[in-house]
Amino acid sequence: MKDGDNIDIGDKYDKIMKLAVRRGFYWPSYEIYGGVSGFFDLGPLGVRLKNNIVGLWRKVFIELHQDLVVEIETPIIAPEVVFKASGHVESFTDPIVECVRCGRKFRADHLIEAAVNIKTEGLGVDELTRIIRENDIRCPSCQGPLSEVRTFNLLFKTTIGPYSDNVGYLRPEAAQGMFVSFKRVREAMRNRFPIGIAQIGRVSRNEISPRQGMIRLREFTIMEIEFFFDPDDPRCDLLYRVEDRKINILTADMRRKEIQEPQPMKISEAVDDGVIKIPWQAYWMGVSDVFAEALGVDKDNIYFEEKLPHERAHYAQQVFDQMVKVSRWGWIEISGHAYRTDYDLSRHIKFSNQSLEVVKTLDKPMKITEKKIKIDKLKIIERYGGESSKIFRALSKVDPGEIHRYIDSSTGKILIDNIEIDPDIIVVEEHEKEIKTVKFIPHVVEPSFGAERLLYIVLDNSYTEDGERVLLRFKPYIAPIHVAVLPLLENDESMVKIARDIYKKLIANGVSAIYDSSGSIGRRYARADEIGVPYAVTVDHQTIKDGTVTIRLRDDRSQIRIDEKDLISWIRKETEEQLWRYLDNIMV
RNA sequence: GCGGCGGUCGUCUAGCCUGGUCUAGGACGCCGGCCUCCCAAGCCGGCGAUCCCGGGUUCAAAUCCCGGCCGCCGCACCA
């Protein structure tokens, strides 16, 4: 939305909140019991709007990429081991200390690093407490003494089944479901690769103090893709679709130089210059840029901000947040684009003992030299007698190519786990082998969106005041209600009848519509504008004569007259055209 | 979580300081009816708040006091 459309309309956030509550987009949950912060209900219009936003995301990211991306659904609750493997049990935790005097809370590790410059990575709460005591670190705010260090974990904890020691957690991201079921999905998709696995679902994070309405929730809908690719071949064969597109980027380098203005950059340049490390990530960022525009966000109000190392989540090697400007809060994150490397799959391989590698066939067979340890069994038994089995066991652990590492330089003997072995009992044999396939652990780039934030973004970008009137300029393809059907006069039976018939026909054809006959026609237009109905169909005297109706457009109040019979196809065509104005950019 | 400010029909608000006249008033909204040939017109009727929750003071609390919840702002925290 251009600034000119919305000059000085006071606190837009408050107005949107009021409108949302009054007209039924959303409201605070559990209101009659006083409410709980961080939870919101979606009302009738909110559900429709959210479904349309989710639907658009699904269309853009999944349906238009259906040769590449598949959607699955996994549980919200996972056993503890899943989040131990993912690192969330350990790293979704912050060490906190509290000032005994003023009650302020601080990140213990940050406090120590700032006060005495000791590296705190990997230290437990006891060690952190000890460092604070030993260095007499005090409250930076009031110099008061500090409490013991404790941890606060953002995971919601629960138990599974009647056994209280069977700990489970509500997922804070949908990603782990995709990693854990990676093997099954691959099998179901006949080993297609590269592959994106998408999931849309609820996640929970026990935020310390959520504010900002729909922006920071304790429970929300996440929409993410884990896109798996070969780290040795990260080329993206779709990059051409977006390579000429300019996106606004603020890199970590720029941020370190205290540059605050994002720079427009061609996606191809960002890849070639190494600004975005992984071409696939660059592609999804381009798609996300198109997606945000399709939601109605002005290009100037979108940029991608690269996160600094200490800002990144534990699993990520490069992260860009897609930022969108909204009233009151300025720039907020609507999506995160994380290069998660093989971190998650590797961890699940380790914790589950399952193979999650991908096998690829080489373009041409490769010759490798394979080393094998040939053991002189007889000599071992002869020389070591009853100790022989230990020797066999020790030798079996050793990688043949690495055997030289175990040779003790002073004695010349092989030393494995404190067992000494004479070198003459083994021979390392080398022979050439032709291999046609190799195994690798795929790397992952992840675009991840929060649906409720998008809902707010859409409202914030749609909200417009025109004198006394309020209108939501939703793009027609995401509007919760597409058409309002209005008889010009309520006391004219034939108008009412025709209008009712049109209404029935619309809903029978899957067009979301409302029928409104109460009050003056102007009032009804205004009511429809306020909930963002793009098209109002009015049945008037001429309709009775010749079967034509007026379509009144929300944004400029202009009217066109068409034959009632063409109504549905007109609406469909109009809506589709508006959508494809954006989507054409990525389907080239 | 700390500090500041706030919380009265769906919405905006009057009343609170100076307790009783408040069975809480108005406007908008919503519902029904009348009227109306195109942008919140008018008329009639109706709906709707035990004043955020709990406790205390008092003969008497929307009003004074304490605690909690929720919201906004700042700090802290967080993706």
Side-chain angles (χ1 to χ4, degrees), chain A residues 11 13-15 17-19 21-24 27-39 92-99 101-108 110-111 139-142 152-154 172-173 203 205-213 215-218 220 222 305 307 311-314 316 319 321-323 328-329 332-338 448-450 453 466-471 486-492 495 517-530 536-545 549-554 556-559 561:
Chain A
D11 198 344
Y13 171 81
D14 275 342
K15 291 177 176 178
M17 184 71 196
K18 298 257 168 62
L19 176 62
V21 172
R22 187 161 45 84
R23 300 306 304 264
W27 54 76
S29 299
Y30 314 114
E31 263 183 310
I32 66 164
Y33 290 107
V36 183
S37 68
F39 296 95
F92 219 49
T93 304
D94 296 322
I96 294 181
V97 269
E98 191 173 351
C99 171
R101 192 193 296 164
C102 73
R104 281 176 206 274
K105 289 194 170 155
F106 305 92
R107 274 284 289 270
H110 291 179
L111 198 62
C139 172
S141 174
C142 77
F152 182 79
N153 194 305
L154 264 37
E173 55 170 13
V203 298
R205 299 177 182 182
N206 202 0
E207 298 287 354
I208 294 170
S209 77
R211 293 229 191 113
Q212 308 177 312
I215 307 288
R216 173 86 84 46
L217 297 171
R218 287 195 165 117
F220 61 98
I222 213 165
E305 178 174 304
K307 300 284 94 176
E311 296 171 324
R312 297 194 297 245
H314 60 278
V319 175
D321 281 351
Q322 184 182 19
M323 310 298 287
R328 180 172 299 192
W329 289 303
I332 64 156
E333 174 196 343
I334 60 158
S335 74
H337 298 260
S448 171
F449 289 78
R453 278 194 182 184
D466 180 2
E468 286 290 287
R469 287 182 169 195
V470 170
L471 58 149
L486 319 168
L488 184 60
L489 300 176
E490 197 187 3
N491 59 359
D492 183 315
M495 279 184 200
S517 65
S518 112
S520 72
I521 190 73
R523 177 192 295 275
R524 284 176 274 157
Y525 285 144
R527 273 202 286 252
D529 289 344
E530 202 186 20
V537 172
T538 306
V539 174
D540 51 27
H541 292 92
Q542 205 179 327
T543 312
I544 300 170
K545 280 185 228 152
V549 291
T550 327
I551 299 178
R552 178 266 193 189
L553 304 180
R554 175 195 62 204
D556 58 7
R557 304 189 196 177
S558 63
Q559 302 195 348
R561 198 150 190 106

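Reckoned from all heavy atoms, side chains included, excluding hydrogens, waters and symmetry mates.
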Engineer: Looking at A:Arg312 and A:Asp321, does any basic side-chain N land under 4.0 Å from a carboxylate oxygen?
Structural biologist: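 A:Asp321 and A:Arg312: not salt-bridged.
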
Engineer: Could you pull out all residues at least two apart from A:Glu530 that satisfy side chain to side chain donor-acceptor pair (under 3.5 Å)?
Structural biologist: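 Only A:Arg22, A:Arg23 meet the side chain to side chain donor-acceptor pair (under 3.5 Å) criterion with A:Glu530.
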
Engineer: B:rU58 pairs with which nucleotide, Watson-Crick or G-U wobble, both distances below 3.5 Å?
Structural biologist: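 No nucleotide pairs with B:rU58.
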
Engineer: Both distances under 3.5 Å, Watson-Crick or G-U wobble: report the partner of B:rC9, or none.
Structural biologist: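 No nucleotide pairs with B:rC9.
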
Engineer: Base, sugar-phosphate alone, or nothing: which one does A:Gly336 contact when heavy atoms must sit under 4.0 Å apart?
Structural biologist: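 A:Gly336: no heavy atom of the nucleic acid under 4.0 Å.
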
Engineer: Are A:Trp329 and B:rC73 close enough that a side-chain N or O sits under 4.0 Å from OP1 or OP2?
Structural biologist: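 Yes, A:Trp329 has a side-chain N/O under 4.0 Å of OP1/OP2 on B:rC73.
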
Engineer: Could you work out the separation of B:rG7 and B:rU58 based on their C1' atoms and round it to a whole Å?
Structural biologist: 25 Å

Engineer: Rounding to a whole Å, what distance do you find between A:Leu217:CG and B:rC70:C1'?
Structural biologist: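 One finds 15 Å between C1' of B:rC70 and CG of A:Leu217, rounded.
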
Engineer: Test of understanding: with ring pair (Phe, Tyr, Trp, His ring centres under 6.0 Å), list the residues that count as partners of A:Trp27, not counting sequence neighbours.
Structural biologist: none

Engineer: Expressed in whole Å, how much space separates the P atoms belonging to B:rU8 and B:rC64?
Structural biologist: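 Approximately 15 Å lies between the P atom of B:rU8 and that of B:rC64.
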
Engineer: How would you list, by chain and number, every residue that makes a side chain to side chain contact (heavy atoms under 4.5 Å, CB included) with A:Tyr33, sequence neighbours excluded?
Structural biologist: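 For A:Tyr33, no residue satisfies side chain to side chain contact (heavy atoms under 4.5 Å, CB included) once neighbours in sequence are set aside.
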
Engineer: Could you check A:Gln212 against A:Leu154 and say which one's nearest nucleotide on RNA chain B is further toward the 5' end?
Structural biologist: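 Looking at RNA chain B, the more 5' nearest nucleotide goes with A:Gln212.
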
Engineer: Quick one: CZ on A:Arg552 to CZ on A:Arg557, what's the gap to the nearest 0.5 Å?
Structural biologist: 6.5 Å

Engineer: Classify every nucleotide of nucleotides 30-52 of chain B by which part a protein heavy atom approaches to under 4.0 Å, writing B for the base, S for the sugar-phosphate alone and - for neither, in 5'-to-3' order.
Structural biologist: SS---BBBBBBS-----------

Engineer: Rounded to whole Å, please give me the gap between CD in A:Glu207 and P in B:rG1.
Structural biologist: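 Distance check: A:Glu207 CD to B:rG1 P gives 14 Å.
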
Engineer: What I'd like to find out is whether the side chain of A:Glu31 reaches to under 4.5 Å of the side chain of A:Val36, using heavy atoms alone.
Structural biologist: no

Engineer: Tell me every residue that passes side chain to side chain contact (heavy atoms under 4.5 Å, CB included) with A:Asp14, counting only those two or more places apart in sequence or in another chain.
Structural biologist: A:Asp11, A:Arg328

Engineer: Between B:rU23 and B:rG48, how far apart are the C1' atoms? Round to whole Å, please.
Structural biologist: 16 Å

Engineer: With both distances kept under 3.5 Å, what pairs with B:rG1, Watson-Crick or G-U wobble?
Structural biologist: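 Paired with B:rG1, as far as the under-3.5 Å criterion goes, is B:rC75.
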
Engineer: What contact category does A:Asp321 fall into here, base, sugar-phosphate, or nothing, at under 4.0 angstrom with non-hydrogen atoms?
Structural biologist: base

Engineer: Taking the same atom, C1', in B:rA14 and in B:rA27, what whole-Å distance lies between them?
Structural biologist: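 To the nearest whole Å, 11 Å.
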
Engineer: With a 3.5 angstrom cut-off on both distances, give the Watson-Crick or G-U wobble partner of B:rC35, or none if there isn't one.
Structural biologist: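 Base partner found: none.
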
Engineer: For the P atoms, the ones on B:rC52 and on B:rG6, what distance do you get once it is rounded to whole angstrom?
Structural biologist: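 Their P atoms lie roughly 14 Å apart.
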
Engineer: Roughly how many Å apart are B:rG3 and B:rC30, using the C1' atom of each and rounding to a whole number?
Structural biologist: 41 Å

Engineer: Distance between the P atoms of B:rA40 and B:rG29, in whole angstroms?
Structural biologist: 12 Å

Engineer: Grab the NE2-C1' distance between A:His337 and B:rA79 for me, whole Å please.
Structural biologist: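 My rounded result for the distance is 13 Å.
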
Engineer: Sequence neighbours left out, what passes side chain to side chain contact (heavy atoms under 4.5 Å, CB included) with A:Asp540? Give chain and number order.
Structural biologist: A:Leu488, A:Gln542, A:Thr543, A:Thr550, A:Arg561

Engineer: Taking only the P atom of each, what is the distance from B:rG32 to B:rG26 in whole angstrom?
Structural biologist: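 Rounded to whole Å, the distance is 23 Å.
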
Engineer: Between protein and nucleic acid, restricted to nucleotides 6-12 of chain B and to nitrogen or oxygen atoms under 3.5 Å apart, what atom pairs and distances do you find?
Structural biologist:
residue: B:rC12; atom: OP1; partner: A:Lys18; partner atom: NZ; Å: 2.7

Engineer: Could you tell me which residues satisfy ring pair (Phe, Tyr, Trp, His ring centres under 6.0 Å) with A:Phe220, sequence neighbours excluded, listed by chain and number?
Structural biologist: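 Result, ring pair (Phe, Tyr, Trp, His ring centres under 6.0 Å) vs A:Phe220: none returned.
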
Engineer: Heavy-atom nearest nucleotide on RNA chain B for A:Phe92 versus A:Gly38: which residue maps closer to 5'?
Structural biologist: A:Gly38

Engineer: Pairing check on B:rU21: which nucleotide meets the Watson-Crick or G-U wobble criteria with it, both distances under 3.5 Å?
Structural biologist: none

Engineer: Searching all strands shown, indicate the nucleotide that pairs with B:rU50 (Watson-Crick or G-U wobble; both distances under 3.5 Å).
Structural biologist: none

Engineer: Listed by chain and number, what are the ring pair (Phe, Tyr, Trp, His ring centres under 6.0 Å) partners of A:His541, not counting sequence neighbours?
Structural biologist: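 By the ring pair (Phe, Tyr, Trp, His ring centres under 6.0 Å) rule, A:His541 matches no residue at all.
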
